[in-house]
Amino acid sequence: MGIIKEVFGHDSHGEKVYSYTVTNEHGTRMRVIEIGAALQSLEVADRDGNFADVVLGFDNVEQYEKENGANFGAVVGRNANRIKNGHFVINGKEYQLAINDGRNNLHSGPDGYSSRKWSSEIVEDERGLAVRFSLISPDGDQGMPGELHISAMYVLTEDDSVILEYEGVAGEDTIVNPTNHSYFNLSGDPAKPITDQELTINASNFTPVDSTFMTTGEILPVEGTPMDFRNAKVIGADIERTDYEQISNGKGFDHNWVLDTAGNAEVEAASVYCPSTGILLQVYTNEPGIQIYTGNFLDGTVKGKGGIAYVRNSGVALETQHYPDSPNKPQWPSAWLEPGQTYTSHCVYKFGVEK
């Protein structure tokens with residue numbers, strides 16, 4: 001039980017990059033690193049008491065810096081997900097971000113928070129063992145207005161929960177909407193697809209996308225569609241239903257669900273269960289939405305921990321956040337942050353087993 005700080009490697013500037021290995025009394029072990037404030041590994045027990053690493057990632061700093069286009073384990077921001085045409089308006093002033101996803105902006109562009117070195121510290125927290133990462137994003141960074149001071153704290157609790165808490169303050173009106181982009185595979189073996197694992201989403205509605213993966217502005221019911229995960233369903237049951245436009249547009253599941261939890265972090269937002277290991281992951285959040293991404297564009301060109309090639313459906317990301325393109329959709333919950341306000345966001349990944 002405790003926290004071990006050690007050098008994970010050196011970045012492209014020759015600076016030390018630290019990792020923190022956090023272990024609770026049950027033997028659950030979390031490792032987080034300064035590049036991308038990323039969750040590098042997470043070892044949890046299966047139904048037989050054997051421990052398995054259930055997140056995708058890399059073994060070295062260089063890959064996190066140069067090959068992490070898929071954002072394995074990282075905090076993405078300043079704004080997660082897509083912004084239409086990379087364009088938005090605040091206080092009558094137009095802002096243009098990089099176009100890095102078709103004709104849209106994804107995760108704030110190619111110079112995202114996921115590839116940067118964050119500062120780090122061990123902090124005291126009554127809920128468990130905690131590490132906080134901090135970053136200063138200057139005015140104009142990524143094309144965004146206002147200097148932003150942002151932190152992401154990981155807490156490993158004794159009930160085998162990983163708590164992620166974000167805080168941010170800005171120098172002027174801006175948008176803030178980060179998320180964690182961990183890919184989970186509860187089999188503990190990323191060579192096995194997640195298509196046989198069971199997904200539940202506490203959502204009666206979702207935000208459909210067009211052929212560019214951009215939200216249309218609609219909110220549609222999941223009932224009677226492959227998007228209905230209100231009851232547990234195997235991820236692969238409908239993932240090839242290309243006769244359904246949304247599956248075709250998303251190349252699988254790459255959509256935001258409108259959570260029925262209404263910001264109540266005490267109510268389960270989503271869960272994933274692996275029948276072969278018995279490992280159950282429950283997600284709780286105060287965010288209004290959750291983006292489910294089934295690794296549709298992983299094609300084996302990137303090799304992760306242990307030299308394993310990550311292919312389509314090697315993992316599933318459960319990204320708690322505001323809805324995509326919120327800055328251009330005033331009818332949706334706002335990601336706007338004003339000076340004097342403090343941005344906060346809360347997400348819990350709770351692990352257990354079903355016999």
Side-chain angles (χ1 to χ4, degrees), residues 33 35-39 55-58 63-88 95-118 133 135 137-138 140-146 148 150-152 164 166 168 170 174-184 207 209 212-215 250-256 285 287-298 302 310 315-329 332 335-337 343 345 347:
I33 65 172
I35 298 295
L39 178 61
V55 296
L56 278 56
F58 299 113
Q63 285 187 286
Y64 276 104
E65 275 194 313
K66 299 179 180 179
E67 297 183 31
N68 201 15
N71 300 298
F72 296 116
V75 172
V76 296
R78 174 176 311 193
N79 180 78
N81 219 305
R82 294 175 174 88
I83 293 179
K84 187 173 183 178
N85 299 323
H87 178 270
F88 62 92
Y95 293 90
Q96 182 62 51
L97 312 183
I99 303 302
N100 65 323
D101 184 65
R103 57 174 181 256
N104 302 310
N105 174 274
L106 176 63
H107 299 322
S108 298
D111 184 25
Y113 295 174
S114 60
S115 61
R116 300 186 191 181
K117 183 177 182 290
W118 296 52
F133 296 96
L135 186 72
S137 178
D141 187 18
Q142 304 169 318
M144 299 280 191
L148 177 70
I150 187 169
S151 66
L164 287 87
Y166 305 88
T174 190
I175 56 173
V176 182
N177 179 34
T179 192
N180 180 272
H181 209 290
S182 290
Y183 294 72
F184 296 94
T207 54
V209 298
T212 72
F213 309 100
M214 178 50 59
T215 47
K251 313 301 180 187
F253 295 113
D254 188 7
H255 297 79
N256 168 70
T285 184
E287 290 287 348
I290 186 168
Q291 182 88 6
I292 305 294
Y293 173 55
T294 48
N296 310 327
F297 294 99
L298 301 179
V302 171
Y310 292 151
V316 56
L318 305 112
E319 309 163 55
T320 60
Q321 59 191 264
H322 276 51
Y323 310 159
D325 199 35
S326 288
N328 293 313
K329 306 264 190 324
W332 288 355
W336 194 331
L337 180 68
Y343 166 86
S345 182
C347 174

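Computed over heavy atoms, backbone and side chain alike; hydrogens, waters and symmetry mates excluded.
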In W118, F133, Y64, the residue satisfying side chain to side chain contact (heavy atoms under 4.5 Å, CB included) with I33 is Y64
Would you check if D325 and R82 make a side-chain contact, meaning some heavy-atom pair closer than 4.5 Å? no
Is it true that a side-chain atom of Q142 and a backbone atom of G77 form a donor plus acceptor pair closer than 3.5 Å? yes
Non-hydrogen side-chain atoms of V316 and F253 separated by less than 4.5 Å: no
When you compare the side chains of S108 and Y113, does any donor N or O come within less than 3.5 Å of an acceptor on the partner? no
Apply the ring pair (Phe, Tyr, Trp, His ring centres under 6.0 Å) test between Y310 and each candidate in F72, F297, Y183; give the one that qualifies. F72
Please report the interatomic distance CG(N256) to CD1(I290), rounded to the nearest 0.5 Å. 9.0 Å
Gap separating the CG atom of L318 from the SG atom of C347, nearest 0.5 angstrom: 8.5 Å
For K117, does the NZ atom have more than 12 heavy-atom neighbours from other residues, nucleotides or ligands under 6.0 Å away? yes
Ignoring hydrogens and geometry beyond distance, is a side-chain donor-acceptor pair present between D254 and Q291 at under 3.5 Å? yes
Considering all heavy atoms of both residues, which atom of S182 and which atom of N180 are nearest to each other, and what is their separation? OG-OD1, 2.7 Å
Pairwise side-chain contact, T207 with K329, heavy-atom cut-off 4.5 Å (strictly under): no
Hydrogens and angles aside, do S114 and N71 bring a side-chain donor and acceptor to less than 3.5 Å of each other? yes
Quick one, I175 and L337 - any side-chain contact, counting heavy atoms below 4.5 Å? no
